[in-house]
Student: 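My questions all concern the structure below.
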Amino acid sequence: HYQRADISFNLRLLKDMDDEEADKVVLHEHAHCLVNEMRDFNGRNDLKHEERVVSALTAAFGWVRSAARKEGEQAAKKVKA
């Protein structure tokens, strides 16, 4: 199936994480779905490189979400004022 992924999580590990840490794990694993196809193109199957890319994407997704949340909170304060 085109653009389909199966993702498994170890719920025993996730249940012991705080929400922020668990969210980062979920974002990280979803980012693997975005870059996975590159494995076939580099001929090396370099998982270290994939992990670096996925970690950078996870951080970027987190920054965007944080900025959006902050902007939304500021907009809500202006509406109340």
Student: Is His28 reaching over with its side chain to a backbone N or O of Lys24, donor-acceptor style, under 3.5 angstrom?
Tutor: no

Student: Quick check on the hydrophobic clustering: are Ile7 and Leu11 connected, directly or via other members, by side-chain heavy-atom contacts under 4.5 Å?
Tutor: yes

Student: Which residues pass the salt bridge (Lys or Arg N to Asp or Glu O under 4.0 Å) test with Arg65, not counting sequence neighbours?
Tutor: Asp23

Student: Got Leu47 and Glu50 here, is their nearest side-chain heavy-atom distance under 4.5 Å?
Tutor: yes

Student: Pairs under 3.5 angstrom only: tabulate donor-acceptor contacts from the side chains of residues 67-81 to other protein residues two or more places apart or in another chain.
Tutor:
none

Student: For residues 54-63, which side-chain donor-acceptor pairs fall under 3.5 Å, sequence neighbours excluded?
Tutor:
residue, atom, partner, partner atom, Å
Ser55, OG, Glu51, O, 2.9
Thr58, OG1, Val54, O, 2.8

Student: Establish whether Val35 and Leu27 are linked, either directly or via other cluster members, by ILVMFWY side-chain heavy-atom contacts under 4.5 Å.
Tutor: yes

Student: Just checking Asp19: does its CG atom have more than 12 heavy atoms from other residues, nucleotides or ligands closer to it than 6.0 angstrom?
Tutor: no

Student: Could you pull out the closest heavy-atom pair between Arg12 and Lys15, with the gap in Å?
Tutor: O-CG, 3.3 Å

